[in-house]
Asker: 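Structure provided below as structure tokens; questions to follow.
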Protein chains: 2
Amino acid sequence: MQDESYKKSKAEMLPDPVVCTVDVVLLTLREGSFCYALVPREQEPFQGVAALPGGFVHPAEDKDLRASAERVLRDKAGIQGVYLEQLAVFSGVARDPRGWSISVAWYTLVPLEALQAALATGVILREVADLGGLPFDHAEIVRVALERVRSKSTYSSLPVHLCPATFTLPQLQAVYETLLGEPINKVSFRRKMEELAFVEPIKGEFDSSGAHRPAQLYRLKAKYRSRLSLTDRGMNSGG
Amino acid sequence: MQDESYKKSKAEMLPDPVVCTVDVVLLTLREGSFCYALVPREQEPFQGVAALPGGFVHPAEDKDLRASAERVLRDKAGIQGVYLEQLAVFSGVARDPRGWSISVAWYTLVPLEALQAALATGVILREVADLGGLPFDHAEIVRVALERVRSKSTYSSLPVHLCPATFTLPQLQAVYETLLGEPINKVSFRRKMEELAFVEPIKGEFDSSGAHRPAQLYRLKAKYRSRLSLTDRGMNSGG
DNA sequence: CTAACTTAGTTGCATTCTGCATCTTAATTG
DNA sequence: CAATTAAGATGCAGAATGCAACTAAGTTAG
């Protein structure tokens with residue numbers, strides 16, 4: 001404390017090095033239940049414990065933080081080509097036993113079909129109701145991701161990304177109902193999908209797998225495929 | 001490139017130091033126009049240029065990134081006691097001439113009355129339509145903040161924070177109209193405020209300053225005062 | 001072969017929500 | 001004290017929403 005004025009003025013000028021990590025919450029639906037992806041940690045701390053795919057930011061290697069998150073997801077989970085959305089930043093001394101750090105958290109929604117290779121090579125899915133045993137503040141990160149996704153899901157195109165490339169309206173409705181946790185009126189749902197118009201019927205293609213009338217197949221319109229939600233622009237700008 | 005395997009495995013284990021800053025977008029209404037706050041930069045680069053209040057994160061000094069942003073806002077702009085909401089993280093090599101960095105951006109909405117002291121000591125207000133001359137990627141940060149606030153403003157309690165502690169419904173309606181950029185039907189607005197019920201009339205108190213019938217004074221209900229918006233929980237968790 | 005069953009998808013209607021015009025209230029101003 | 005102004009309430013028409021009932025198109029059981 002004996003040289004505080006010097007310390008303060010210096011502190012205002014010079015950057016302190018900050019331990020900066022990224023973590024990814026990858027969400028999917030497995031047999032009707034909402035799940036997130038974990039990978040076993042390769043290093044201490046928490047070696048061997050299932051954790052969110054995450055790792056250090058490497059400025060020399062990564063164009064920006066999105067690139068960091070994409071690299072980590074590719075290297076740790078073997079997953080590529082998904083669109084990541086910024087979730088939030090978590091920070092402080094308590095979240096990592098090694099000391100003060102920040103984690104820039106990202107999230108994405110993918111159909112189970114896109115995870116087959118990853119699941120065969122060590123990626124684990126866990127239901128979102130089960131947040132036990134997670135290292136660091138990963139339980140909190142998943143909790144925030146769930147809140148975000150659920151609050152954005154009411155009649156946005158976000159949940160469509162949990163469906164495969166083609167799907168029927170009843171299937172899509174079931175996805176919304178799982179995320180929102182409540183039943184939706186069939187007619188209202190169809191009217192809303194018609195009005196919002198981010199999905200389109202695939203002419204002449206039907207799902208005839210059930211013992212009943214076949215259902216029209218739909219797909220997400222092209223302009224909604226590149227990002228998770230067009231109302232998300234505010235969080236997509238971390239350049 | 002001659003020792004890449006070593007470099008890669010090391011890169012996965014060890015943290016690289018990252019230059020980490022915070023920037024604050026403080027928004028207010030001045031004479032009916034939407035404005036953001038700037039302060040002249042004290043140091044190079046861009047010394048003397050008006051910029052968002054911002055600075056380096058100091059882990060030894062700051063409990064977490066919210067504390068960093070609060071410290072910066074207090075030290076650079078003399079503003080305290082406002083509730084900051086996370087906006088987004090901006091990152092990359094291009095945003096700062098000194099090289100690769102990240103900025104965790106925060107935003108807040110305050111009534112002009114709360115800025116009187118700050119405005120007397122160097123803080124500048126500029127209309128949101130004018131993003132010219134800003135250093136770093138601050139124009140982009142303000143643009144994203146505007147998008148975020150506007151998209152959250154449709155019948156949320158967010159715009160109320162631009163009003164002083166007490167206000168009339170016509171005044172509040174004018175605030176919403178400024179933010180949303182379009183007129184709102186008076187009856188619909190009042191019905192919605194009644195339904196959402198985040199403001200309450202102050203019994204027996206009226207604004208009689210006009211040459212017409214006095215208007216009932218309202219205030220934000222207590223439980224909505226501590227944060228900007230109750231629907232924002234997802235971004236309030238950076239611990 | 002056909003009736004029963006199941007789910008897809010539509011139609012009609014009652015109820016609720018929303019926008020707009022009009023009316024009333026309570027102040028100031030000339 | 002009439003005219004003016006803006007606050008605030010009322011009534012109603014049209015749109016949006018929720019629900020029940022209906023039709024459509026397949027499979028399955030007898």
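Chain naming here is simple, since letters A, B, ... match the order of the sequence lines and numbering starts at 1 in each. As the structure is a computational prediction, the values presented were derived from the model and not from experiment.
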Asker: Once you round it to whole Å, what is the distance between P of C:dT10 and CD of A:Q216?
Answerer: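 Taking CD of A:Q216 and P of C:dT10, I get 10 Å after rounding.
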Asker: Using whole Å, what does the distance between atom P of nucleotide C:dG9 and atom CE of A:M193 come to?
Answerer: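 Spelled out: CE on A:M193 to P on C:dG9 is 14 Å.
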Asker: For A:L217 and A:R191, find the nucleotide of DNA chain C closest to each by heavy atoms; which residue's nucleotide sits nearer the 5' end?
Answerer: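 Residue closer to the 5' terminus by nearest nucleotide: A:L217.
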Asker: Do the non-hydrogen side-chain atoms of A:L112 and A:L125 ever get within less than 4.5 Å of each other?
Answerer: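 Side-chain contact under 4.5 Å: yes.
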Asker: Answer yes or no: is there an ion pair linking B:E147 with B:R143, defined by an N-O contact shorter than 4.0 Å?
Answerer: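 Looking at B:E147 and B:R143, the cut-off is met.
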Asker: Rounded to whole angstroms, how far apart are OH on B:Y218 and P on D:dA7?
Answerer: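 For the pair B:Y218 OH and D:dA7 P, the rounded distance is 12 Å.
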Asker: Looking at C:dT10, D:dT17, D:dT5, which one has an atom nearest to any side-chain atom of B:H212?
Answerer: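 Comparing C:dT10, D:dT17, D:dT5 against the side chain of B:H212, the answer is D:dT5.
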Asker: Using whole Å, report how far CZ of A:R190 lies from P of C:dT11.
Answerer: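 Rounding to the nearest Å, CZ of A:R190 and P of C:dT11 are 12 Å apart.
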Asker: Please tell me which of the listed nucleotides, D:dA7, D:dT17, D:dC19, lies nearest to the side chain of A:E195?
Answerer: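 When the side chain of A:E195 is considered, D:dT17 is the closest of D:dA7, D:dT17, D:dC19.
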Asker: Grab the CD-P distance between B:E177 and C:dG19 for me, whole Å please.
Answerer: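 Distance check: B:E177 CD to C:dG19 P gives 13 Å.
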Asker: Distance check: side-chain N/O of B:K186 vs OP1/OP2 of D:dA6, anything under 4.0 Å?
Answerer: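 For B:K186, the contact criterion (side-chain N or O under 4.0 Å from OP1 or OP2 of D:dA6) is not met.
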Asker: Begin from the C-alpha positions of A:V149 and A:Y107 and carry the test side chain to side chain contact (heavy atoms under 4.5 Å, CB included) through to its verdict.
Answerer: CA-CA 9 Å; A:V149 168; A:Y107 72 97; 3.8 Å; yes
Asker: Which whole-number value in Å describes the distance from A:I184 CD1 to D:dG18 C1'?
Answerer: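 Going from A:I184 (CD1) to D:dG18 (C1'), I get 13 Å.
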Asker: Please determine, by modelled atom types, if B:D23 and B:S103 share a side-chain donor-acceptor pair under 3.5 angstrom.
Answerer: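 Result is yes, a qualifying pair exists.
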Asker: So, under a plain 3.5 Å distance rule, would you say the side chain of A:R213 forms a donor-acceptor pair with the base of C:dA8?
Answerer: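 Per atom types, the contact qualifies.
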Asker: In whole Å, I'd like the distance from the CG atom of B:N185 to the P atom of D:dA9.
Answerer: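 For the pair B:N185 CG and D:dA9 P, the rounded distance is 14 Å.
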Asker: If you assign each of A:V187 and A:P214 to its closest nucleotide in DNA chain C, which residue comes earlier from the 5' end?
Answerer: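 Its nearest nucleotide lies further toward 5', so the answer is A:P214.
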Asker: Would one find a side-chain N or O of A:S188 under 4.0 angstrom from OP1 or OP2 of D:dT17?
Answerer: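 No, because none of the side-chain N or O atoms of A:S188 sits under 4.0 Å from OP1 or OP2 of D:dT17.
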Asker: Nearest-Å distance, NZ (B:K192) to C1' (D:dA16)?
Answerer: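 The distance from NZ of B:K192 to C1' of D:dA16 comes to 12 Å, rounded to the nearest Å.
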Asker: Does the pair A:E195/A:K192 count as a salt bridge with the N-to-O cut at 4.0 Å?
Answerer: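 The answer is yes: the pair qualifies as a salt bridge.
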